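Reading through the structure tokens given below for one structure.
Residues: numbered from 1 along the sequence shown. Quick caveat: nothing in here was measured; it's all calculated off a predicted structure. Start at 1 and go down the list; that is how both ligands and their atoms are numbered.
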Amino acid sequence: MSEYRLSVGMEVHAELRTQSKMFCRCQVAFGGEPNTRVCPVCLGLPGALPVPNREAIQMVLRTALALNCQVPVDSVFHRKNYFYPDLPKGFQVSQYEETNPIGYHGHLMIHTSRGPKRIGIKRVHLEEDTGKILHLPGGGSGVDYNRAGVPLMEIVTDFPPDIESAEEAREYVAQLRQLLVYLGVCDGKMEEGSLRCEPNISVRRADSETLGTKTELKNLSSFRNVFLGTEYERRRQIAVLETGGTVAQETRGWNEATESSYLMRTKESEQEYRYFPCPDLVPLHFDRADVEAARAALPELPLAKLQRYQDEFNLSPQDAQLLTAERPWAEWFEAAVAAGGDPKAVCNWMNGDFARLLKETGQAAVIPGVESDTEGREPARMTPEILVKVAKLVADGTITGKKAKEVFEKAYMTGDDPASMVEGQTQISDTDFIRQAVADVIAEHPDPVATYRSGKEGVLGFLVGQVMRRTQGRANPPMVQEEMRRQLDETS
Ligand code: ZN
Ligand code: MN
């Protein structure tokens, strides 16, 4: 079998997290009773006039800048004309190559298992979403226009494509999603359709200069499906070519249950959308000073943060990745370090017990005094200050690591001061005290002691455990261990 190369172009549609729709004041939300968030503008009734949503334009501008795009001075809205029941106006307001989308000629650096890779971005543009066709239980179909007119950002990768494997396809989507969520422009909920991606997939023999015929894959609702779908198409196309066939240009759906793609429609001749500038909307004008102000106001982006955590806090790439995966989590970490926490200790507590407790209780990590969107989850009582206090009690030997887990959990549940919880039960490192406790245990357990002395040192753990038990876990474990070994070896 000859070698094949894969090429994947990715088109991503992201719903913007604005309060209202793109050209009217209808609310943007997910779900709800059909056709309850509609008005003459988003229903395209005659005479209704659109007013562009400034917030949406700013969001696309910020995304374009974060993706290292050029921003034109003037950018125009076009009408893309086609007829489909989910499009009430008979056209979609969109943007068109020739008159400048809000961003073009950019790139996203992604990290892959084979190192960093630059994925070229052809354009970032603003358009509006369509309605949804619903198949009714009693037969027939209906249309829900709640989603019609929701601001939608389209991000398209360069041609020829830079993505050359299913892993890169998945990482591109995952890291683009992370960026959009960091920027606060999209909630990133693929399962709710607020981030939709459509890869164009083709293979060609390794010695061929020209790209093969592509198929477009729809309905990918998770990173895993992007990976599986791309890999499936790669193999399917290779199998077609290997058996002497030709790949047909078609749109295919992804069946999650069977993990296979299926034919949706063959591409007829390229559709004629009769693009023309929308006469109801004035061109957008981007003042250079405004663009630079928007660039300066961008938050620290995930890749920069990932690198800084390794350089500044000396964290491993894995630790840095866990901490920076979500912006609120990274900010919580930074607040704990600012409160005097040791970065590695804070990292371990956060990715260990804290993450587990948040998951178990369904709560959200919040920083007191900082407004955050917990998406309906109850805020946890654990604060950066409390976590730092627990970490310090361990670091200065006041409590054992084991005791600290208990204290942490209690502080998590109550929000109480950890120092007050450990009063009178701090770790004992007094040499005489430990020597006596060890001697007592040796005297009380002649059989295990004899076993140890016959060379079976495995019982040492049991004997140390007895000392810990007598001292309610307060004796310093390494000291107990050392003293136990010393006394057992000495008197044998
Ligand atoms: Zn409306
Ligand atoms: Mn589009």
In terms of the angle between their ring planes, are [X] and [Y] parallel, tilted or perpendicular, with boundaries placed at 30° and 60°?
| X | Y | result |
| --- | --- | --- |
| H78 | Y275 | perpendicular |
| Y309 | F333 | tilted |
| F408 | W349 | parallel |

Practice problem: Establish, from distance only, whether the side-chain atoms of R205 and Y4 form a donor-acceptor pair under 3.5 Å. | Solution: yes
Quiz item: Under 2.8 Å from the Zn ion (ligand 1), which protein atoms of type N, O or S occur, listed by chain and number?
Solution: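 Hits for the Zn ion (ligand 1) below 2.8 Å: C24 SG, C26 SG, C39 SG, C42 SG.
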Quiz item: How about E11: does one of its N, O or S atoms come closer than 2.8 Å to the Mn ion (ligand 2)?
Solution: no
Quiz prompt | Within 6.0 Å of CZ in F276, more than 12 heavy atoms from elsewhere | solution = yes
Atom nearest to the Mn ion (ligand 2) - [X], N, O or S atoms considered:
| X | result |
| --- | --- |
| E127 | OE2 |
| E154 | OE1 |
| H13 | NE2 |

Quiz item: Taking only residues two or more places apart in sequence or in another chain, which ones pass side-chain contact (heavy atoms from CB on, under 4.5 Å) with S20?
Solution: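 Residues passing side-chain contact (heavy atoms from CB on, under 4.5 Å) with S20: N53.
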Self-check item: Name of the residue among E256, R196, E192 meeting side-chain hydrogen bond (donor to acceptor under 3.5 Å, both in side chains) with S221
Solution: E256
Practice problem: Test N255 against Y232 for side chain to side chain donor-acceptor pair (under 3.5 Å), laying out the working first. | Solution: CA-CA 11 Å; N255 184 326; Y232 182 89; over 6 Å; no
